[in-house]
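Read the structure below first, then the notes.
Reckoned from all heavy atoms, side chains included, excluding hydrogens, waters and symmetry mates. Throughout, a chain's letter reflects where its sequence line sits, starting with A, and its residues are numbered from 1.
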There are 2 protein chains.
Amino acid sequence: MTVTIYDVARLAGVSLATVSRVVNGSTSVKPSTRRKVLKAIEDLGYRPNAVARGLASKKTTTIGVVLPDISSLFFAELARGIEDIANMYHYDIIISSSDQNRDKEIQLVNNLLEKQVDGLLFLGGQITDEHRQLFGSSSIPIVLVSSNDPQHKIPSVRIDQEQAAYDAVSFLVKKGHKRIALLTTKLHSHFSQLRLNGYIQALKDHDIAFDEDMVVEIPPVYQSALSTTTNMLKLMDAPTAIFTYNDEMGIAAIHAAQDIGKHVPDDVEVIGFNNTRISQWVRPMLTTVVQPMYDIGAVSMRLLTKLINNEETHTEIVLPHRIEVRQSTK
Amino acid sequence: MTVTIYDVARLAGVSLATVSRVVNGSTSVKPSTRRKVLKAIEDLGYRPNAVARGLASKKTTTIGVVLPDISSLFFAELARGIEDIANMYHYDIIISSSDQNRDKEIQLVNNLLEKQVDGLLFLGGQITDEHRQLFGSSSIPIVLVSSNDPQHKIPSVRIDQEQAAYDAVSFLVKKGHKRIALLTTKLHSHFSQLRLNGYIQALKDHDIAFDEDMVVEIPPVYQSALSTTTNMLKLMDAPTAIFTYNDEMGIAAIHAAQDIGKHVPDDVEVIGFNNTRISQWVRPMLTTVVQPMYDIGAVSMRLLTKLINNEETHTEIVLPHRIEVRQSTK
DNA sequence: ATGAAAGCGCTAACAC
DNA sequence: GTGTTAGCGCTTTCAT
């Protein structure tokens with residue numbers, strides 16, 4: 001039925017070992033026998049069995065990726081960065097969506113470890129002790145992507161969320177805004193907490209009183225941002241600027257303003273986050289904090305390959321961010 | 001170092017086979033010994049090696065997915081449908097992006113076959129003879145997702161592209177439009193060809209002359225749709241309605257119209273395709289042909305599981321489409 | 001430069 | 001209900 005390395009060896013009149021050598025590109029094979037073997041492989045249509053190879057070599061050339069949701073613009077873009085570099089180093093990637101659910105995250109990681117992946121890329125929200133313990137129990141390298149371990153024990157690649165938020169809010173403050181809304185999500189999460197810190201610090205540094213009514217915690221999607229913003233803008237003390245957790249919400253904020261007859265950026269300025277493609281698919285185009293998603297993915301994967309090969313490397317990488325100014329701010 | 005099934009057997013005082021039985025949930029194990037084994041597994045922190053299992057059982061519980069680009073909204077959404085059902089049946093998915101490049105497609109499929117995936121989901125453009133031959137050479141089931149084999153030899157799940165285009169154009173014609181632009185891509189591809197056929201047939205059935213200037217072939221992205229539409233709308237004989245290949249282009253068409261002072265839908269009506277989330281993230285919201293991406297993915301994966309288990313099933317599934325009418329049409 | 005042989009960790013008959 | 005044994009298809013010493 002299936003043709004194995006043994007069949008090739010017999011047809012070529014050599015041993016298993018020799019076939020293995022030419023398949024794996026070993027140098028020490030006489031050109032003439034190499035040719036014989038290649039011919040046999042061709043004739044038989046031999047395809048090496050990666051599972052058998054994996055068992056014997058203890059390497060699967062597969063890496064596992066756990067992320068919240070592959071259908072999200074943000075993670076899909078990031079995944080592409082991962083994939084391209086993985087490909088470059090001849091790794092395949094098994095992608096699994098966790099929906100940020102902790103039990104599912106744990107289960108998915110366990111499953112990937114059973115599959116003997118050579119490394120793991122973890123993109124999630126909170127890193128709990130349970131995560132740390134699980135990661136510790138494995139013998140393969142793991143890198144946290146677009147987030148980090150507050151205890152600085154696990155390798156990671158990310159941007160400085162706090163500084164990024166600080167920069168965005170300062171940008172707004174310098175234009176004279178005093179009532180700046182922060183549309184964010186799940187405040188108990190590490191990520192949102194950092195952004196909030198940056199927001200608060202920026203206000204403080206510019207002597208603006210913090211008003212908790214300006215901070216709203218909602219699901220990070222268009223619809224909730226749309227209705228929330230609509231309500232806020234109808235208030236007596238409406239915000240004059242809005243800083244959102246992502247671009248989808250930023251677009252919603254623009255639309256909310258426009259729907260009730262306000263002008264962006266004259267009546268209200270808006271800054272999004274991430275610089276996903278969609279930030280240019282709205283009028284006025286959305287000013288946003290650039291988080292280099294593709295690069296974060298790519299750098300993470302590159303770091304992982306180094307870790308797998310025990311190469312020297314920094315294990316906490318912070319990529320630069322910046323503000324891309326478009327028309328939703330003056 | 002790594003704990004194997006053998007270690008568990010020794011600690012529990014049973015044989016390999018018994019451990020294997022409890023791990024795989026076989027019925028014929030005495031409750032008391034099952035408990036002993038479970039305890040040993042717990043104590044040792046045993047994790048079954050899926051690679052070894054795969055080699056012995058000739059099943060990897062992994063399926064391969066080849067798609068054009070995981071960072072695209074359309075394929076990411078579809079991938080999520082695939083993943084959810086895969087998960088339900090305890091399969092993992094290896095995702096690889098082909099960029100619609102034929103050589104890369106072939107290479108990726110070969111690679112996945114080497115990895116001994118239990119089945120393959122292929123989302124691509126053209127199915128060439130080379131594809132057919134490659135698919136035929138494999139012993140695992142393959143299903144074409146969101147496209148089909150003109151020769152009807154390969155299982156597939158999709159919508160009726162031609163009819164969908166026909167419906168959209170007819171919808172426009174019935175409102176009195178005579179100059180309907182078709183913004184499409186790579187006309188030589190099977191997919192675009194079907195859409196064009198539907199477009200032409202709809203015009204013909206309503207006695208409207210076909211004008212080749214109304215059909216433009218461009219990269220299916222925002223920027224090219226934006227500039228192309230801008231140019232078209234400035235023409236003397238500008239179209240009064242636009243039907244685009246996807247929603248991204250539909251949004252671009254709306255913006256192009258607005259940028260030159262035209263009103264949507266009063267001056268020009270626009271219909272997109274796919275009903276991705278973004279079709280609601282624009283003002284006016286985009287009328288679009290609904291292609292149920294998530295469902296296509298889910299149904300494909302379900303079909304694949306049936307094929308893997310040799311169950312009876314239809315092998316060509318056509319899912320329903322419809323037009324979601326929003327504000328970009330009157 | 002090439003071959004022989006011992007695993008890699010597990011499943012799946014087949015026996016008891 | 002449980003144990004024995006023979007592979008699954010390959011890599012990798014160690015000889016030669």
Exercise for the section: Verify the contact: side-chain N or O of A/Ser15 to OP1 or OP2 of C/dA4, cut-off strictly under 4.0 Å; return yes or no. Expected result: no

Exercise for the section: Give one of base, sugar-phosphate or nothing for A/Val14, where a contact means two heavy atoms less than 4.0 Å apart. Expected result: sugar-phosphate

Exercise for the section: For residues 30-39 of chain A, pull every pair meeting side chain to side chain donor-acceptor pair (under 3.5 Å), keeping only residues two or more places apart or in separate chains. Expected result: A/Lys39-A/Asp43

Handout entry: Nucleotide C/dG9, atom C1' - distance to CG of B/Asn24 in whole Å
Key = 13 Å

Problem - Over 12 foreign heavy atoms within 6.0 Å of CD, A/Gln151 - result: yes

Exercise for the section: Please round to 10 degrees the angle between the axis of the first five pairs and the axis of the last five pairs in the helix from C/dA1-D/dT16 to C/dC16-D/dG1. Expected result: 30°

Problem - Shortest side-chain distance from B/Ser57, nucleotide among C/dG3, D/dT11, C/dT11 - result: C/dT11

Fill in the blank from the handout: B/Arg10 atom CZ is separated from D/dG3 atom P, nearest whole Å, by 15 Å

Handout entry: A/Val29 side chain, from C-beta outward: closest of C/dT11, C/dC14, C/dT2
Key = C/dT2

Fill in the blank from the handout: Which of C/dT11, C/dG3, D/dT11 is nearest the side chain of A/Arg21? It is C/dG3

Problem - A/Lys115 and B/Thr61: side chain donor to acceptor below 3.5 Å - result: yes

Exercise for the section: Examine D/dT12: is either OP1 or OP2 under 4.0 Å from a nitrogen or oxygen in the side chain of A/Ser20? Give yes or no. Expected result: no

Handout entry: Exceeds 12 heavy-atom contacts within 6.0 angstrom, atom CD of A/Gln133
Key = no

Practice task
Tell me which residues in residues 34-49 of chain A put a heavy atom below 4.0 Å from DNA chain D, sorted by number, or none.
Solution key: A/Tyr46, A/Pro48, A/Asn49

Exercise for the section: Identify whether the distance between the nearest side-chain nitrogen and carboxylate oxygen of A/Asp99 and B/Arg80 falls below 4.0 Å. Expected result: yes

Exercise for the section: Report the distance from atom CD of A/Gln116 to atom C1' of C/dG9, rounded to the nearest whole Å. Expected result: 9 Å

Handout entry: Separation of C/dC10 C1' from B/Asp7 CG (nearest whole Å)
Key = 13 Å

Exercise for the section: For the side chain of B/Leu16, starting at C-beta, report the closest nucleotide among D/dG3, D/dG9, C/dT11. Expected result: C/dT11

Exercise for the section: Take atom CZ of A/Arg53 and atom C1' of C/dC10, then tell me their distance rounded to the nearest Å. Expected result: 20 Å

Practice task
Kindly say if B/Thr18 contacts the phosphate of D/dG3, meaning a side-chain N or O under 4.0 Å from OP1 or OP2.
Solution key: yes

Problem - A/Lys59 NZ to D/dT12 C1', straight-line distance once rounded to whole Å - result: 11 Å

Problem - A/Lys58 side-chain N/O to C/dG7 phosphate OP1/OP2 under 4.0 Å - result: no

Handout entry: Among D/dG9, C/dG3, C/dC10, the nucleotide that comes nearest once only the side chain of A/Ala56 is considered
Key = D/dG9

Fill in the blank from the handout: Between B/Leu55 and B/Ser32, the residue closer to the 5' end of DNA chain D by nearest nucleotide is B/Ser32

Exercise for the section: Would you kindly give the CD-to-P distance between B/Glu114 and D/dC8, to the nearest whole Å? Expected result: 20 Å

Practice task
Taking A/Ser300 for its side chain and A/Ile296 for its backbone only, find out whether a donor-acceptor pair lies under 3.5 Å.
Solution key: yes

Exercise for the section: Could you tell me the separation between the CD1 atom of B/Ile5 and the C1' atom of D/dT2, rounded to a whole number of Å? Expected result: 14 Å

Problem - Cationic N near anionic O, under 4.0 Å, A/Lys58 to A/Asp118 - result: no

Fill in the blank from the handout: d(B/Ile106 CD1, B/Asn111 CG) to nearest 0.5 Å is 13.0 Å

Handout entry: A/Glu42 atom CD, over 12 foreign heavy atoms within 6.0 Å
Key = no

Practice task
Taking only the side-chain nitrogens and oxygens of B/Thr33, find out if one of them lies under 4.0 Å from OP1 or OP2 of D/dG1.
Solution key: no

Exercise for the section: Check whether any side-chain N or O of A/Thr62 sits under 3.5 Å from a backbone N or O of A/Thr60 as a donor-acceptor pair, and report yes or no. Expected result: yes

